[in-house]
Amino acid sequence: MQKLLLIFVLILTASVAVHAQRYAVVDLQYIKSQWPEYHKADTTIKLEAYKWEKVVDSAKLYADSLAHRFDAEQYMLNDELKAKRKTEVENANKRVIYLNTHYFGYQGELFKERERLIQPLQNRLYNIVQQMALKSGWDMVFDKSAGTGMLYSDPKLDKSDLILKELGIAVK
């Protein structure tokens, strides 16, 4: 009876081992840092964002200067000029809000630029990861740069260089 139980446990253990999940680890930050096309797109976006930031900052400085001038002169102005200057300050502040939303808000220019330049690259990367996972029989792929709480991974599980190779990037 003990032999039968032992054989049953061995078969059960073997069947669990056969169905064990296979997984791989990738470092998407490393892949992106080695990918010239991604670096170029990211740099383009950063430069555009910097330009837009300057436009918003300039509008903010103008609105602030109007507000300070109004605060200093409001007691010397008649009601008609006071109302006109107050409207100018309000319009300048509305312009700052508009520009900030236009460039940096949801569906703003920055969002559209990222969607245009980065999204196709990310889709390509994720498709390659998915194809490699299917081809290699990986059940799960973890991104060790995503802060998922991974404390350690065996370097032989890191498939980042294989993905770079699939992207056509020479591994350094």
Side-chain angles (χ1 to χ4, degrees), residues 2-61 93-172:
Q2 277 187 330
K3 285 184 181 181
L4 186 59
L5 184 62
L6 183 61
I7 292 173
F8 177 72
V9 169
L10 287 174
I11 291 173
L12 184 63
T13 305
S15 69
V16 169
V18 168
H19 295 302
Q21 294 179 335
R22 293 182 47 192
Y23 59 93
V25 176
V26 296
D27 186 346
L28 291 180
Q29 286 302 105
Y30 167 72
I31 292 169
K32 290 174 184 178
S33 72
Q34 299 299 312
W35 194 1
E37 204 174 344
Y38 188 90
H39 181 70
K40 182 181 175 187
D42 190 48
T43 301
T44 301
I45 288 171
K46 286 178 181 173
L47 289 173
E48 288 296 316
Y50 180 76
K51 287 184 213 172
W52 297 328
E53 211 172 291
K54 291 296 174 197
V55 171
V56 172
D57 288 346
S58 175
K60 177 79 171 123
L61 283 173
N93 284 324
K94 285 178 185 175
R95 177 153 174 75
V96 170
I97 292 168
Y98 166 77
L99 288 172
N100 205 21
T101 303
H102 175 73
Y103 291 125
F104 302 106
Y106 178 70
Q107 297 291 329
E109 292 300 316
L110 183 62
F111 179 85
K112 289 175 186 172
E113 265 314 273
R114 284 181 198 221
E115 198 171 57
R116 185 176 73 80
L117 295 173
I118 299 291
Q119 192 67 44
L121 299 176
Q122 285 180 334
N123 289 345
R124 185 171 161 208
L125 176 60
Y126 292 127
N127 286 338
I128 287 173
V129 170
Q130 185 178 22
Q131 288 169 4
M132 289 181 71
L134 292 172
K135 184 172 77 176
S136 301
W138 304 331
D139 296 316
M140 291 183 277
V141 179
F142 295 100
D143 177 13
K144 71 180 182 181
S145 67
T148 56
M150 187 178 303
L151 298 176
Y152 173 78
S153 68
D154 191 340
K156 69 181 176 193
L157 295 174
D158 192 336
K159 308 302 181 190
S160 302
D161 289 336
L162 287 174
I163 293 170
L164 283 171
K165 196 174 180 180
E166 284 289 321
L167 286 167
I169 300 167
V171 180
K172 295 177 183 176

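Note: hydrogens, waters and symmetry copies are ignored here, and every other heavy atom, side chains too, is used.
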Does some side-chain heavy atom of [Y] sit less than 4.5 Å from a side-chain heavy atom of [X]?
X: Leu162; Y: Glu166; value: no
X: Trp52; Y: Glu48; value: yes
X: Arg124; Y: Glu37; value: yes
X: Lys94; Y: Tyr98; value: no
X: Ile118; Y: Tyr38; value: yes

So how far is it from Asp143 CG to Gln29 CD, rounded to the nearest 0.5 Å?
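These two atoms lie 7.5 Å from each other.
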How long is the span from the NZ atom in Lys32 to the CG atom in Leu167, to the nearest 0.5 Å?
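If we round to the nearest 0.5 Å, Lys32:NZ and Leu167:CG are 12.0 Å apart.
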Crowding at CZ, Phe111 (>12 non-hydrogen neighbours, <6.0 Å)
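Yes, enclosed.
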Give a yes or no on this: more than 12 heavy atoms of other residues, nucleotides or ligands lie within 6.0 Å of atom NZ of Lys60.
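Counting neighbours around NZ of Lys60, 12 or fewer heavy atoms of other residues, nucleotides or ligands fall under 6.0 Å, so no.
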Begin from the C-alpha positions of Glu113 and Arg116 and carry the test salt bridge (charged side-chain N to carboxylate O under 4.0 Å, His left out) through to its verdict.
CA-CA 5 Å; Glu113 265 314 273; Arg116 185 176 73 80; 3.0 Å; yes
Would you check if there is a donor-acceptor pair between the side chains of Gln119 and Asn123 at a distance under 3.5 Å?
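Yes, side-chain donor-acceptor contact under 3.5 Å.
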Strictly below 4.0 Å, N to O, side chains only: are Asp161 and Lys165 in salt-bridge contact?
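So Asp161 does not pair with Lys165 through a salt bridge.
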Does Glu115 pair with Lys112 as a salt bridge, N-O distance under 4.0 Å?
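Result for this pair is no, no salt bridge flagged.
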Identify the two heavy atoms, one from Ile163 and one from Met132, that lie closest to each other, and give their separation to 0.1 Å.
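Minimum heavy-atom separation between Ile163 and Met132: CG1-SD, 3.6 Å.
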Please determine which of Ser145, Ser160, Ser33 meets the side chain to side chain contact (heavy atoms under 4.5 Å, CB included) test together with Leu28.
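Only one of Ser145, Ser160, Ser33 forms a side chain to side chain contact (heavy atoms under 4.5 Å, CB included) with Leu28, namely Ser145.
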Within the side chain of Thr43, is there an N or O that forms a donor-acceptor pair under 3.5 Å with the backbone of His39?
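Answer holds: yes.
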For side chain to side chain contact (heavy atoms under 4.5 Å, CB included), just list the numbers for Thr101 and Ile97, CA-CA rounded to whole Å, side-chain angles, deciding distance to a tenth of an Å, and then say yes or no.
CA-CA 6 Å; Thr101 303; Ile97 292 168; 4.3 Å; yes
